[in-house]
Amino acid sequence: MSEKTFRLYDTMTRQVKPLETIEPGHLRFYSCGPTVYSYAHIGNFRTFLTADLVIRTAKAIGMNVTYVSNITDVGHLTQDDVADAGGEDKMARALSSKEGEQFNNVWELAEYYEDAFLDDWARLNLLAPQVRPRATQHMREQIVAAEQLIEQGNAYETPSGVYFNVESFPTYGKLSGNTQENLKKGVREVVLDENKREQADFALWKKDDKHLMQWYSPFGWGFPGWHLECSVMARKYLGDTLDLHAGGEDLIFPHHECEIAQSEALTGKPFSNHWIHTRFLQVNGEKMSKSLGNFYTVRFLLEKGADPLAIRYALISGVYTKPLNFTDQSLSDAMGNLERFKRSDAAVAAGIEAGRPGDDLIGANLEELYDQALDSMLNDLNTSVALAKALEGTRVILRDAESMSAASADSGKRYLDRINDLLGIVRPEHDLDAHQSHAPVVKVDEARIEQLIADRNNAKKAKDYALADQIRKDLDAEGIELRDTPEGTVWVVKSAL
RNA sequence: GGUGCCGUGCCCAAGUGGCCCAAGGGGACGGUCUGCAAAACCGUUAUUCGGCGGUUCGAAUCCGCCCGGCACCUCCA
């Protein structure tokens with residue numbers, strides 16, 4: 001454990017403060033995962049990337065991290081309360097949608113989107129959590145929690161379900177800066193449920209014997225409320241009090257507020273000592289939504305030819321505490337920067353291979369840049385500065401690339417290894433079974449291109465530059481770019497972005 | 001109505017009281033290299049931080065008001 005301090009903004013106290021752990025050097029961390037009713041979009045991943053960077057930074061200063069991130073596969077309602085009998089949760093609604101027709105049942109749908117999610121997760125170099133619990137696999141714990149809350153007088157049963165009584169938890173609203181008074185005033189004119197004592201009361205269990213996913217409980221057939229799963233699973237795997245809890249900004253209220261109420265009512269202890277929330281990602285300056293047609297998924301961008309690490313780079317290029325605007329331009333900027341890391345990586349590999357004698361000319365400089373990058377991350381995850389420092393390191397390496405000594409190359413490799421551990425932007429870290437569903441859309445005939453390159457080189461030898469340039473121009477129009485290098489002419493597929 | 005957030009160069013985006021006449025990336029322009037390009041490398045590109053007041057020896061940074069944008073208030077990462 002080093003003497004470095006990891007400072008993060010805390011939503012509860014509204015200030016940047018050191019991240020303290022109950023057990024010295026061991027971070028217990030819970031991050032709310034996705035509801036697997038559809039493909040996750042890049043905004044979801046921005047939030048998961050924040051959690052990922054917390055872990056990488058904590059590890060970089062020698063902390064152990066126990067990281068739990070759930071999969072919500074039941075109970076996430078499209079509306080908290082519904083008057084009509086057709087009230088569905090997100091999973092059920094997805095099944096009855098057009099995309100849902102391909103699935104035999106809601107369980108298959110959940111499994112499909114969970115697999116897709118985990119695939120995207122790995123492509124974006126997100127670290128795997130120690131535990132990835134599912135709501136459907138913690139039914140007993142949720143039912144027990146609901147029963148206990150009733151016994152303690154924090155919850156009550158009605159004909160439609162079991163509800164948490166927010167009046168029994170006076171500090172309800174403290175995370176979002178609300179008071180119960182204000183919340184009462186702010187409640188929208190939604191359908192009123194006569195059975196609830198307060199409209200702000202939220203469901204722990206919904207009774208519904210028609211629901212596609214239902215379990216038997218002391219309250220009859222039904223399913224758990226969305227907020228309960230996180231309380232139960234966080235406690236099971238991390239204990240009564242977490243060191244850190246993370247999620248997207250929309251979860252501050254009501255989700256995390258409700259988690260706090262349930263958990264603290266159950267244990268009598270603080271639920272989490274530190275809360276972080278990632279601001280929303282905008283796309284082309286607008287909120288991402290299906291109706292605006294800017295609902296970007298990882299696989300959509302991959303099909304357009306984006307490198308998954310460039311998506312990662314673009315998503316972490318702004319600090320998590322501010323909204324970030326994701327644009328085609330920011331993605332292509334990221335692709336260019338990613339290239340620099342890849343070239344640096346290739347350069348140091350070549351330098352080590354070549355084994356040139358000489359002093360290490362870059363090690364000290366790189367060491368300093370790494371320290372600056374790490375310090376930036378420790379300062380409330382300042383990814384913008386950390387990436388700037390990391391990039392400066394590639395300049396140091398590439399400047400020296402031509403005649404790099406083996407000693408310099410060793411330093412370069414060490415630098416890139418550490419930068420990759422910290423930011424995950426140099427190399428893919430997961431072995432992916434390469435089912436090539438994400439191949440770029442540009443189809444290429446390699447033999448033909450090689451032939452055209454040969455023709456062009458002959459034209460160049462004959463000093464027929466008009467023909468040579470025409471060949472290059474024609475290929476460029478097809479999306480193939482030629483580059484003359486000391487090792488000969490190479491071609492690359494230009495990005496469709 | 002309640003609760004929060006943001007406004008920095010042509011674009012993206014750090015910086016939140018002196019180290020800032022403001023990182024980094026893109027773009028543009030100039031240079032090296034090249035048959036010419038591309039790529040790469042080198043350099044230039046904000047006396048200024050939405051507006052107006054105020055606090056201070058000192059403000060992009062703190063306070064007030066105004067203008068503009070966004071989020072949450074029981075669907076959302």
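Here is how names work: the chains are called A, B, and so on, in the same order as the sequence lines, proteins then strands, and each is numbered from 1. When reading the values below, keep in mind they use all heavy atoms of this one structure, side chains included, and skip hydrogens, waters and symmetry mates.
Contact annotation: the side chain of A:Tyr313 approaches that of A:Leu387 to within less than 4.5 Å [non-hydrogen atoms, C-beta and beyond]. Contact annotation: the side chain of A:Ile425 approaches that of A:Arg312 to within less than 4.5 Å [non-hydrogen atoms, C-beta and beyond].
Counting any heavy atom pair closer than 4.0 Å across all strands shown, A:Leu387 reaches no nucleic acid atom. No engagement by A:His255 is indicated, since no non-hydrogen atom pair under 4.0 Å with the nucleic acid exists. Note on A:Ile252: nothing from the nucleic acid sits closer than 4.0 angstrom, heavy atoms only. Within the nucleic acid shown, A:Leu398 comes within 4.0 Å of sugar-phosphate atoms alone, with no base atom in reach, counting heavy atoms only. Counting non-hydrogen atoms under 4.0 angstrom, A:Gln282 reaches the backbone sugars and phosphates but no base.
Between the CG atom of A:Leu281 and the P atom of B:C76 there is a distance of 18 Å, given to the nearest Å. Between A:Tyr30 atom OH and B:A77 atom P the separation is 13 Å, expressed in whole Å. When the C1' atom of B:A40 is taken as reference, atom CZ of A:Phe341 falls 16 Å away, rounded to whole Å. Spacing between atom NZ of A:Lys174 and atom P of B:G2 amounts to 24 Å, rounded to whole angstrom units. Rounded to a whole Å, the CD1 atom of A:Ile453 is 18 Å from the P atom of B:A38. In this entry the distance linking CG of A:Asp120 with C1' of B:A77 reads 14 Å, nearest Å. Put simply, CD on A:Glu402 is 17 Å from P on B:A39, counting in whole angstrom units. Regarding A:Met404, its CE atom lies at a distance of 14 Å from the C1' atom of B:A40, rounded to whole Å.
Note on A:Arg399: every side-chain N or O is 4.0 Å or more away from OP1 and OP2 of B:A40. For B:A40, the OP1/OP2 oxygens have a side-chain nitrogen or oxygen of A:Arg343 closer than 4.0 Å.
Residues that satisfy the side-chain contact (heavy atoms from CB on, under 4.5 Å) test with A:Lys413, not counting sequence neighbours, are A:Val348, A:Ile352, A:Asp417. Residues meeting the side-chain contact (heavy atoms from CB on, under 4.5 Å) test with A:Gln372, sequence neighbours left out: A:Glu368, A:Leu369, A:Lys389. Residues satisfying the side-chain contact (heavy atoms from CB on, under 4.5 Å) test with A:Ala155, not counting sequence neighbours, are A:Leu149, A:Ile150, A:Val162, A:Leu204.
Under 3.5 Å, the side chains of A:Glu157 and A:Trp205 contain no donor-acceptor pair of N or O atoms. Checked by atom type, the side-chain pair A:Thr72/A:Asn70 shows a donor-acceptor distance below 3.5 Å.
Nucleotides B:C76 and B:C65 place their P atoms 34 Å apart, quoted to the nearest Å. Distance noted for atom C1' between B:G64 and B:U56: 16 Å (whole Å). Atom C1' of B:G15 sits at a distance of 8 Å from the matching atom of B:A60, rounded to the whole Å. Spacing of P atoms, B:C62 relative to B:A77, comes out at 32 Å, to the nearest Å. Nucleotides B:A46 and B:U3, compared at atom C1', are 35 Å apart to the nearest Å. For the C1' atom pair drawn from B:A23 and B:C49, the interatomic distance equals 14 Å after rounding to whole Å. Only the C1' atoms considered, B:G7 is 11 Å distant from B:G51, to the nearest whole Å. Rounded to the nearest Å, the gap between the P atom of B:U32 and that of B:A38 is 14 Å.
Judged by atom type and distance alone, A:His277 does not reach the base of B:A77 through any side-chain donor-acceptor pair under 3.5 Å.
Outside the 6.0 Å centre-distance limit, the rings of A:Phe45 and A:Phe326 are not counted as a close aromatic pair. Separation of the A:Tyr415 and A:Tyr370 ring centroids does not fall under the 6.0 Å cut-off. Here the two rings, on A:His41 and A:Tyr296, have centers that are 6.0 Å apart or farther. Separation of the A:Tyr163 and A:Phe202 ring centroids does not fall under the 6.0 Å cut-off.
Listed nucleotides: B:C76, B:G24, B:U74. Nearest to the side chain of A:Phe280: B:C76.
Secondary-structure annotation of RNA chain B gives the stems B:1-7 with B:67-73, B:10-12 with B:24-26, B:27-32 with B:40-45, B:50-54 with B:62-66, with a stem taken as at least 3 successive Watson-Crick or G-U pairs whose two distances both fall under 3.5 Å.
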For nucleotides 31-35 of chain B, which of its nitrogen or oxygen atoms have a protein nitrogen or oxygen under 3.5 Å away, and what is each distance?
residue : atom : partner  : partner atom : Å
B:G35   : N1   : A:Asp469 : OD1          : 3.0
B:G35   : N2   : A:Asp469 : OD2          : 2.9

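The only option from A:Phe300, A:Phe117, A:Tyr113 that meets the ring-ring contact (aromatic ring centres under 6.0 Å, His included) definition with A:Tyr39 turns out to be A:Tyr113.
Applying the 6.0 Å contact sphere to NZ of A:Lys174 captures more than 12 heavy atoms from other residues, nucleotides or ligands. Under a cut-off of 6.0 angstrom, the local environment of CD in A:Glu353 is sparse, with at most 12 non-hydrogen atoms contributed by other residues, nucleotides or ligands.
The 5' end of RNA chain B is approached more closely, in terms of each residue's nearest nucleotide, by A:Ala388 than by the other of A:Ala388 and A:Arg483. Judged by closest nucleotide on RNA chain B, A:Glu392 is the one of A:Glu392 and A:Gly336 placed further toward the 5' end.
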**Request:** Treat primed atoms plus P, OP1 and OP2 as sugar-phosphate and everything else as base, then score nucleotides 4-15 of chain B 5' to 3': B for base contact with protein heavy atoms under 4.0 Å, S for sugar-phosphate contact only, - for none.
**Result:** SS-S-----SSS
